[in-house]
Structure formats: C-alpha cells, structure tokens
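Values below: every heavy atom of this structure, side chains too, minus hydrogens, waters and symmetry copies.
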Amino acid sequence: ATIASCWADTVAIDFSWAVSSYTSLLSSTSRLTLPAGALYAGRSYAITVRAAMRGTPTAYAEASVAVFVRYEALIARIGGGDRRVQLSVPLALDASASVDPSTLPPGTVVALGFAWSVSRIVSSSSAAAVELEAVALPAGQGGAALLTLPAAWLSAGVYLVSVAVSSADGRGASMSVKLTAVATPVPRVTLE
C-alpha cells in the first residue's frame, strides 16, 4: 500500500489487512507478507488494506484487490534415473514420487493419471536426430504409477522410457529415462 504524497511525514498511520477466509491481520507497515502455503491453489481471495490516522481512526482509506492462486505445474519423477538393466530380471519402473506441489486444503488429494511409453532407440547419429521404435507394453500395464516389464520383455539395446503424468484439471508433466538392456548381470550398488 502506498500513502498519498499529500499526507505529512509526521502523521502516524496504522495499517490493517484482511484476507477473505481469514481474520483481520494487523500490521504497522504498508506491506503484507503471508507465510508460504497460506493461500490455497484454485481459489480466489479478496485482500483489503485500511490505512487510518493513528489519532483519528475515522480518517481512513481502504483499497481491495482480488487475487486468484494458480495451481503449480505437476512434477513427473521416475525413480532410479538412467541405468543398465539385466534382460533376465523383471523390471519395475516407479513414478509414484510424481507430485502436485500446489498448496491445497487439508485432506485434499489430487489423483494423478499415468501413461507410460517405451521406445527402442534405433539410431542416434546426432543429439538432434534420434530414431525411436515403439515397444508394446504388457497387457494391463502403462496406466498406473508402477510399470512392470517381465523378464526378457526387452531385447538387448537402449530404450527411452517415458511417463506422462496428468491431473483432472488438465495439467501435465513428463519425464524420460534411458535404459540400456544387457544380457550380462548388472551389479547392484547400495549406499548406506
């Protein structure tokens, strides 16, 4: 909030703020700061400031503004990142760490949709020109956070595995990992 230049610098001004759905917020400054997560995504709020002369509270001015809090972009994640996988071992890819980082009312759960795709990288002569060949997914796979491929589903080669994450309101995000499928055993490393 900005005070008109006609007001004397010596006049003390008290500010009070109100945000719809909240009680009044008192502040001695012309600036309102709300903590992170104080306003919920997908909702509109009216924010009002009242500036009153300290000795004469009936001498005041008010201003209001409507604020709409947008949803944040979804974040798609595939656990494990790029890696080598052994052909003779079933492969599980997990996107359950994908999230909607928007601040939502307590108890609100955003259902996310998942669509997986697997493509064999046929050639990649340059970073700009990559030829992909789609790989069919097993029946019943590809629509949940977890994608499971049986042992020997893939042949030796390099694959691009992607997941598209979506929400009911039309937002979406995607992520891809590169898998190198090999016949030889892949060592397992554990950090403790």
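Closest of all the heavy-atom pairs between Arg171 and Ser102 is NH1-OG, 3.6 Å. Scanning all heavy atoms of the two residues, the minimum distance from Ser20 to Ser44 falls at OG-O, 4.3 Å. Scanning both residues, Ser119 and Ala134, for their nearest heavy atoms gives OG-CA, 4.0 Å. Across all non-hydrogen atoms, the minimal contact from Phe114 to Ala95 is CE2-O, 3.5 Å.
Hydrophobic clustering, with ILVMFWY side chains joined whenever heavy atoms are under 4.5 angstrom apart, groups Val69 together with Leu32. In this structure, Tyr45 is not a member of the same hydrophobic cluster as Phe68, with clusters built from ILVMFWY side-chain heavy atoms closer than 4.5 Å. Linking ILVMFWY residues whenever their side-chain heavy atoms come closer than 4.5 Å, directly or via other members, leaves Val182 and Val135 in distinct clusters. One hydrophobic cluster, built from ILVMFWY side chains closer than 4.5 Å, holds both Val165 and Val177.
No donor-acceptor distance shorter than 3.5 angstrom exists from the side chain of Ser166 to the backbone of Gly172, with no hydrogens or angles considered. Judged by distance alone, with hydrogens and angles left aside, the side-chain atoms of Asp82 form a donor-acceptor pair with the main-chain N or O of Lys178 at under 3.5 Å. Counting only distance, with no hydrogens or angles, the side chain of Ser98 and the backbone of Arg77 share a donor-acceptor pair below 3.5 Å.
At least one side-chain heavy atom of Ile121 sits less than 4.5 Å from a side-chain heavy atom of Leu132. No side-chain heavy atom of Thr48 sits less than 4.5 Å from a side-chain heavy atom of Trp17. Under the 4.5 Å side-chain criterion, counting only non-hydrogen atoms from C-beta, Trp116 is in contact with Val161. At a threshold of 4.5 Å between non-hydrogen side-chain atoms, the residues Leu39 and Val19 count as touching. Contact annotation: the side chain of Pro105 approaches that of Arg43 to within less than 4.5 Å [non-hydrogen atoms, C-beta and beyond]. Using a 4.5 Å cut-off on side-chain heavy atoms (C-beta onward), Ser167 and Tyr71 make no contact.
By the side chain to side chain donor-acceptor pair (under 3.5 Å) test, Thr180 pairs with no residue at all, sequence neighbours left out.
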*Checking side chain to side chain contact (heavy atoms under 4.5 Å, CB included) for the pair Arg83/Leu179: CA distance, chi angles, key distance, verdict?*
CA-CA 5 Å; Arg83 60 190 178 270; Leu179 302 180; 3.7 Å; yes
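Within 6.0 Å of CZ in Arg84 there are 12 or fewer heavy atoms belonging to other residues, nucleotides or ligands.
With a 4.5 Å cut-off between side-chain heavy atoms of Ile, Leu, Val, Met, Phe, Trp and Tyr, the cluster of Ile75 takes in Val99.
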Cut-off 3.5 Å, no hydrogens considered: what does the side-chain donor-acceptor table look like for residues 142-160, sequence neighbours left out?
| unit_1 | atom_1 | unit_2 | atom_2 | d |
| --- | --- | --- | --- | --- |
| Trp153 | NE1 | Ala136 | O | 2.9 |
| Ser155 | OG | Arg120 | NH1 | 3.1 |
| Ser155 | OG | Tyr159 | OH | 3.2 |
| Tyr159 | OH | Arg120 | NH1 | 3.0 |
| Tyr159 | OH | Ser155 | N | 3.1 |
| Tyr159 | OH | Ser155 | O | 2.7 |

